[in-house]
Amino acid sequence: MCGTENEAADPAPNDAHPGQNNSTASSIMYQRVDDYISNVSRYKIIESTLREGDQFINSFFTTEIKCKIATMLSNFGVDYIEVTSPASSPQSFEDCKTICKLGLKSKILTHVRCNMEDAKKAVECGVDGVDLVIGTSSLLRQYSHGKSMEIIQKSALEVIEYVKSQGIEVRFSSEDSFRSDLVDLLTLYKAVDKAGVVSCDIETHFHDDTGCAVANAITALEAGASLVDTSVLGIGERNGITPLGALMARMVVTSPEYTKSKYNLKLLREIDEYVASVVQVNIPFNNPITGFCAFTHKAGIHAKAAILANPSTYEIIDPALFGLTRYVSFSSRITGWNAVKSRVEQLGYNLSDDQIKEITAMIKQLGDVRPLAVEDADSVIHSYHLNQQEKKAT
């Protein structure tokens with residue numbers, strides 16, 4: 001398993017615990033072993049909203065929209081921005097050139113078929129890197145392009161050599177890798193390795209058809225991959241791919257210092273909201289980080305811990321890291337008096353704990369009859385306070 005930030009205080013593998021000598025410590029069966037394969041603390045992001053996200057059913061990105069999304073993603077800190085193949089359409093070609101001229105901090109990549117014509121169009125656009133993709137599974141070879149593994153290898157080597165000769169970064173992707181024959185894959189990758197491609201980093205691209213994209217991405221990083229493809233809100237073909245925000249939610253827990261120092265996390269909400277508006281979808285209520293109730297507490301015991309004790313008892317992520325705040329719901333029949341007390345104090349009223357408990361009972365009673373809005377609970381508080389003031393006056 002990969003280490004966490006909490007393990008920093010643990011003794012080194014060969015150090016003795018207090019009261020032990022070194023010989024005793026060396027005989028302990030379960031000692032921590034440093035993981036030299038995992039890349040969870042040095043991962044990179046290839047942000048594919050402008051390529052994979054362009055395949056989302058509601059997507060229609062104008063040049064202006066593409067430039068704004070690319071700029072936001074670059075400001076967020078992603079390492080690469082991937083755009084639609086310039087061979088897809090004349091406008092895609094022009095948009096690719098325009099984005100390359102923006103002078104962004106992120107490198108600009110494009111994703112093309114593994115053939116010379118597509119590769120030349122990509123080079124003409126001025127991209128920093130080209131992803132050459134071709135299906136290697138028996139399914140795709142039969143029903144997509146109809147090429148044998150021998151032809152795939154031959155064309156791959158030719159195109160790789162051309163792109164390299166232009167001084168451009170090369171990425172080679174075998175589409176549908178996990179359903180491809182292992183021997184076929186190894187033979188192909190050994191061949192492209194000789195062309196100087198595979199000895200670099202390993203990139204991963206996971207679709208979310210079964211809801212496992214983030215889990216697969218983390219597992220891949222733990223196994224030695226170093227780049228993860230994401231898109232904003234996960235938009236893409238079918239159910240999309242690894243969502244940028246959900247990956248950040250996981251990585252700010254798994255590798256907090258690296259993630260906080262590398263990415264401008266407070267921009268995530270703005271990015272999610274903008275892309276959601278462009279593709280005309282609502283951000284899901286349970287979306288990590290930016291869902292409207294992501295940091296909302298409703299149950300009494302949750303509210304008590306969140307307000308009076310330590311928020312980390314129920315929150316694995318500090319909302320402040322993303323420029324957000326927690327919200328404690330007090331207008332329901334399952335509210336607790338601590339939540340109501342917080343609201344009373346926000347309203348500027350000075351009431352005793354016993355009085356607040358009376359108000360809480362009144363809110364619960366009303367909440368048993370119908371759903372409550374904030375205004376309903378506030379009305380109970382206002383009325384109670386007014387009643388107390390009138391009693392004092394008499």
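- Counting only residues at least two apart or in different chains, ring pair (Phe, Tyr, Trp, His ring centres under 6.0 Å) contacts with residues 232-261 comprise Y43-Y258.
- Side-chain heavy-atom separations under 4.5 angstrom define the hydrophobic clusters, and the remaining members of the one that includes L109 are I46, Y80, L227.
- Pairs engaging residues 266-277 under the salt bridge (Lys or Arg N to Asp or Glu O under 4.0 Å) rule: R269-E273 [sequence neighbours left out].
- Residue pairs meeting the salt bridge (Lys or Arg N to Asp or Glu O under 4.0 Å) criterion with at least one member in residues 78-92, sequence neighbours excluded, are R51-E82, D79-K262, E82-R171.
- Hydrophobic cluster membership of F285, counting Ile, Leu, Val, Met, Phe, Trp and Tyr whose side-chain heavy atoms lie under 4.5 Å apart directly or via other members: F292.
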With a 3.5 Å cut-off and sequence neighbours excluded, list the donor-acceptor pairs that the side chains of residues 132-141 form with protein atoms.
residue : atom : partner : partner atom : Å
T136    : OG1  : E175    : O            : 3.4
T136    : OG1  : S180    : OG           : 2.7
S137    : OG   : L140    : N            : 3.2
S137    : OG   : D176    : OD2          : 2.7
R141    : NH1  : T136    : O            : 3.1

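- Without hydrogens or angle criteria, N216 side chain to F206 main chain gives no donor-acceptor distance under 3.5 Å.
- The list of salt bridge (Lys or Arg N to Asp or Glu O under 4.0 Å) pairs with a residue in residues 368-385, not counting sequence neighbours, reads R333-D368, R343-D378, R370-D376.
- Shown here are the ring-ring contact (aromatic ring centres under 6.0 Å, His included) partners of F172, two or more places apart in sequence or in another chain: Y189.
- The salt bridge (charged side-chain N to carboxylate O under 4.0 Å, His left out) check on K121 picks up nothing, with sequence neighbours excluded.
- For D354, there are no salt bridge (charged side-chain N to carboxylate O under 4.0 Å, His left out) partners, not counting sequence neighbours.
- R250 pairs by the salt bridge (charged side-chain N to carboxylate O under 4.0 Å, His left out) definition with nothing, not counting sequence neighbours.
- Judged as a ring-ring contact (aromatic ring centres under 6.0 Å, His included), and not counting sequence neighbours, the contacts of Y349 are H382, H385.
- No salt bridge links K154 with E150; every basic N to acidic carboxylate O contact stays at or beyond 4.0 Å.
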